[in-house]
There are 2 protein chains.
Amino acid sequence: MEQIKDYLNTHKDRFINELIDLLKIPSVSADSAFSEDVHETARVVKDALLAAGCDHAEICETKGYPVVYGEKMVDPNLPTVLVYGHYDVQPPDPLDLWHSPPFEPVIKKTDIHPDGAIFARGACDDKGQFYMHVKALEFMVKTDQLPCNVKFMIEGEEEVGSDSLEDFLKENQKKLSNDIILISDTGMISKDVPSITTGLRGLSYVEVEVTGPNRDLHSGIYGGAVPNPINILAKMIASLHDGDNRITIPGFYDKVEEVSAAERAEMAKAPFDLEEYKKALDIDDVYGEKGYTTPERYSIRPTLDVNGIWGGYTGEGAKTVIASKAYAKISMRLVPNQDPNEITELFAKHFVSIAPKGVKVKVTPHHGGLPYVTNIDSIGYKAAAKAYETTFGKTPIPERTGGSIPIVALFEQVLGSKTILMGFGLDSDAIHSPNEHFGVWNYLKGIETIPYFYKYFTELSQ
Amino acid sequence: MEQIKDYLNTHKDRFINELIDLLKIPSVSADSAFSEDVHETARVVKDALLAAGCDHAEICETKGYPVVYGEKMVDPNLPTVLVYGHYDVQPPDPLDLWHSPPFEPVIKKTDIHPDGAIFARGACDDKGQFYMHVKALEFMVKTDQLPCNVKFMIEGEEEVGSDSLEDFLKENQKKLSNDIILISDTGMISKDVPSITTGLRGLSYVEVEVTGPNRDLHSGIYGGAVPNPINILAKMIASLHDGDNRITIPGFYDKVEEVSAAERAEMAKAPFDLEEYKKALDIDDVYGEKGYTTPERYSIRPTLDVNGIWGGYTGEGAKTVIASKAYAKISMRLVPNQDPNEITELFAKHFVSIAPKGVKVKVTPHHGGLPYVTNIDSIGYKAAAKAYETTFGKTPIPERTGGSIPIVALFEQVLGSKTILMGFGLDSDAIHSPNEHFGVWNYLKGIETIPYFYKYFTELSQ
């Protein structure tokens, strides 16, 4: 890929400014108050695809937020790469913990990013990362080095479960036909230690509601005599892990494919510093399933976390009330071969069964996703590994991550293709947290690396 | 007390309208946004005391909200009754569960109140109930039947712990000197079954904060590997009760005076219908400490309830986050001879000790209060019992309640007087809940009964 470094040098300020403009639009899919902004973002993405060199780009309406589709077809005999990304972002709350407003991007230098990082909600997840692919296309088209066909499928509901995507895929199988799918929505170990994500955990997400008495009660007059839904919800949640921090839902681990000792030994070779890990989070100790290391706990083991809990009086001062209702949002990360629908059912059945007689329990499932593991012998993986070797000067480490991208399994089911996860983010980018950011160096490195994937994938496909 | 029924008949509409006007002012002491309204309410109360016949009334500033003081001194050789009440009210939330706005009083008929009940925050607790004393005074003064001296001490911080009251009592011991203190801030068993509260539980109230990682985290990347403060808070709260629902804090029960089998047998004679109790609350089962009946659980046994809990993402939809912090408001009702300060310390020490290493715990005490039990052989109790007998036609049942009025023990300590709790509310009045109300029949019955207390107390004191 000749001239990539020169092209980057010449155009990098524009590349950064275009991304900043995209980040200014608060495309928060979880909150209907931002609906107009989500739609506006789709239009901006479509225009960007056309400007980058797509022959054709369109906004495809769905029953939810639209999918932006674009393509540059060179030759039907050449392979086709389909790039997936999402233009919607996580809600920014809690707002008071941001040092700069989440939708007013600023570039600040940090220890990890001496060249600066762009601070904004979506900087890394996923606008910064998918936009690298748009700029990579621009480079290849402008310098006439596009080795194969490219299609883009950028959706607007990833943060809320991609509810419309399955129908979109099924209705557009021909249009979306491809040889490999490329996604940048994961991270690397560090700027000096490139890695490629080879495994994703699955997801099961539920919301629970526990109802005790039919109204809020005075905790003096009734305290001690009636079921208190908050106390009871706490007991029920507490019971979901045993003393070894194993999940107690019957059947939960039945389909878990235990990772072999040999593979665990390989994994253990990847650099990981427990002291640094604890220090970065300011915790005196890690916490998880007995018998597994920290990297194993967040990658090859299933988990259960309460993402939110509320009930009763939470305002200023004291109020002596027994709440009528208590609520929690609970999610489970899954590993092969757990099935999210089955796990959600097992959870619901178990949770309802452990409720004492004085309360009523409601379990509402949210979106889920299958776990996924990539084969490192595939040409897609090899092409990606070679691309990182070219631009980083070292072989990337294959790494199973704790995060989920539920639609990856869906892509294989509906479109019949594998996915390669070429991520350039870092754990410290604080995605889903306040002060999310994306390193300028990482952004430009991604734009530099991606064209090599196209080159090597085309070569290896022949 | 001649003519009381006639006087009531003649003036009852005005009595009701005056109370309604008082209820319109949102004197919410817990929320500083209502500060002006709290102060305005104090002024209205002072004017009401003067209009009712007090020779003297004043607003006594404190470092918090003022105490309204009033007096009608007849003869220094006669006994002095000191009436305590509070003009502040509980916060009205959750607002969406009120059928009519909490500060726009309406009179509605209900099954229990065919003559109508006044629906508003504070209707029963405590504006309706203290205002009965103001109207009782008016009756006695206007018909020249006041048998003894009367003093009024109506404060504005009861719902937030009466923080300024102790200093006020200590600085005004002479002014407040009395032979008995009268409070109407409790209930009766029912309109046909008058009862007098002879016991109050104490209160210890704390707020806890559990901190895990130093920022919100992505629950995929970190889930399973780090301490999740919500899961951990749930475990800690769950551990506070054992399988028999006994509280597990070391030393918690050490000073509890066990109620004798004989007294428990007496208590068991008071009417209580468990099926009705469950039906009114719409619960399939009650819930509490093994070995005790429901009335025992809410009156003679100490308890621990979580009044509020929050942490993580609680908005619309799903967010896969591990929160940095989780919070709860926890209160304990106490019985003689537990000491609230000691219990708060035992709680804090224990709660911090059960936290796993990966989290930090902060415990912040709120206001507390000592438990209190009245001797039914006192002339104060006898005068009250006789007053109820006169107007209800039956002997009131002595009953220990679950609620707390922390300043009752303080009154004895600082002013040296006992307190008689003459309440006319009902459990169904939903104090501290949405749709709080007070029966018109109960309000008028209280105004009718209170003058008899003055009569009999004066007689028995001679």
Side-chain angles (χ1 to χ4, degrees), chain A residues 30-31 91 160 201 205 213-228 230-231 234-235 237-238 281-288 294 297-298 301 303 305-314 316-322 331 333 357-358 366 402-404 427 431-433, chain B residues 30-31 91 160 201 205 213-228 230-231 234-235 237-238 281-288 294 297-298 301 303 305-314 316-322 331 333 357-358 366 402-404 427 431-433:
Chain A
D31 187 344
V160 289
R201 293 201 284 195
Y205 199 115
N214 57 4
R215 58 180 168 91
D216 288 358
L217 299 176
H218 188 282
S219 77
I221 294 178
Y222 291 93
V226 300
N228 179 330
I230 301 179
N231 286 70
K235 283 237 179 219
I237 287 172
L281 301 176
D282 218 346
I283 50 178
D284 288 342
D285 211 359
V286 287
Y287 193 89
T294 288
R297 288 170 174 171
Y298 64 59
R301 297 302 295 164
T303 69
D305 276 294
V306 180
N307 305 113
I309 192 168
W310 69 105
Y313 182 67
T314 60
E316 182 191 334
K319 187 172 154 128
T320 47
V321 63
I322 292 174
S331 59
R333 297 288 172 164
K357 194 170 163 212
H366 281 247
S404 308
D427 283 355
I431 65 175
H432 289 217
S433 304
Chain B
D31 189 345
V160 288
R201 293 200 285 196
Y205 199 115
N214 57 5
R215 57 180 168 91
D216 289 356
L217 299 176
H218 188 283
S219 77
I221 294 177
Y222 292 93
V226 301
N228 180 330
I230 300 178
N231 285 69
K235 283 238 179 217
I237 287 172
L281 301 176
D282 217 348
I283 51 178
D284 287 342
D285 211 357
V286 286
Y287 193 90
T294 288
R297 287 171 174 170
Y298 64 58
R301 298 301 294 166
T303 70
D305 276 295
V306 181
N307 304 114
I309 192 168
W310 69 104
Y313 181 68
T314 61
E316 180 191 335
K319 186 172 156 129
T320 47
V321 64
I322 291 174
S331 58
R333 297 288 172 164
K357 194 168 163 216
H366 282 248
S404 307
D427 283 355
I431 65 175
H432 290 217
S433 304

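Each chain gets a letter, A, B and so on, in the order its sequence line appears, and its residues count up from 1. In this text the structure is predicted, and so the values were computed from the model without any measurement.
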>> With a 4.5 angstrom heavy-atom cut-off, is it the side chain or the backbone of B/Val226 that approaches chain A, or both, or neither?
In response: both
> Tell me, side chain or backbone of A/Thr303 under 4.5 Å from chain B's heavy atoms, or both, or neither?
Replying inline: side chain
> With only heavy atoms counted, which part of B/Tyr205 is less than 4.5 Å from chain A, the side chain, the backbone, both or neither?
Replying inline: side chain
> Where is the tightest heavy-atom contact between A/His432 and B/Val321, given as atom of each residue plus distance?
Replying inline: O-CG2, 4.4 Å
> In Å, rounded to the nearest 0.5 Å, how long is the span from OH of B/Tyr222 to CZ of B/Arg215?
Replying inline: 4.5 Å
>> Show the nearest heavy-atom pair for residues B/Tyr313 and A/Trp310, with the distance to one decimal.
In response: O-CZ3, 4.4 Å
> Between the side chain of A/Ser433 and the main-chain N/O of B/Asp216, is any donor-acceptor distance below 3.5 Å?
Replying inline: yes
>> Can you tell me which portion of A/Val160 sits under 4.5 Å from chain B's heavy atoms? Options are side chain, backbone, both or neither.
In response: neither
> Nearest heavy-atom pair of A/Lys319 and B/Asn307: which atoms, and what distance?
Replying inline: O-CB, 3.4 Å
>> I need the residue from B/Ile230, B/Asp31, B/Ile283 with the largest number of non-hydrogen atom pairs under 4.5 Å to chain A.
In response: B/Ile230
> Which region of B/Arg201, side chain (C-beta onward) or backbone (N, CA, C, O), has a non-hydrogen atom less than 4.5 Å from a non-hydrogen atom of chain A, or is it both or neither?
Replying inline: side chain
> Hey, what do you get for OH (A/Tyr298) to CG (A/Asp427), rounding to the nearest 0.5 Å?
Replying inline: 6.5 Å
>> With chain A as the partner, which of B/Asp305, B/Ile322, B/Ile431 has the greatest number of non-hydrogen pairs under 4.5 Å?
In response: B/Asp305
> Can you check whether A/Val306's main-chain N or O pairs, donor with acceptor, with B/Asn231's side chain at less than 3.5 Å?
Replying inline: yes
> Taking every heavy-atom pair that is under 4.5 Å apart, which of A/Ser404, A/Gly311, A/Ala30 has the most such pairs with chain B?
Replying inline: A/Gly311
>> For B/His366, which atoms come within 4.5 Å of any heavy atom of chain A: side chain, backbone, both, or neither?
In response: side chain
> Which bit of B/Ser331 comes within less than 4.5 Å of chain A, counting heavy atoms only: side chain, backbone, both or neither?
Replying inline: side chain
> Measuring from A/Leu281:CG to B/Leu217:CG, what's the distance to the nearest 0.5 Å?
Replying inline: 5.5 Å
> Among A/Gly312, A/Gly402, A/Gly288, who wins on heavy-atom pairs under 4.5 Å with chain B?
Replying inline: A/Gly402
> Which answer fits A/Arg301, side chain, backbone, both or neither, if we ask what part of it has an atom under 4.5 Å from a heavy atom of chain B?
Replying inline: neither
>> Below 4.5 Å, heavy-atom pairs only: which of B/Gly223, B/Pro91, B/Pro213, B/Gly403 has the largest tally toward chain A?
In response: B/Gly223
> Do you know which of A/Asp285, A/Ile309, A/Thr314 has the most heavy-atom pairs under 4.5 Å to chain B?
Replying inline: A/Ile309
> What distance do B/Lys357 atom NZ and A/Tyr287 atom OH have between them, rounded to the nearest 0.5 Å?
Replying inline: 14.0 Å
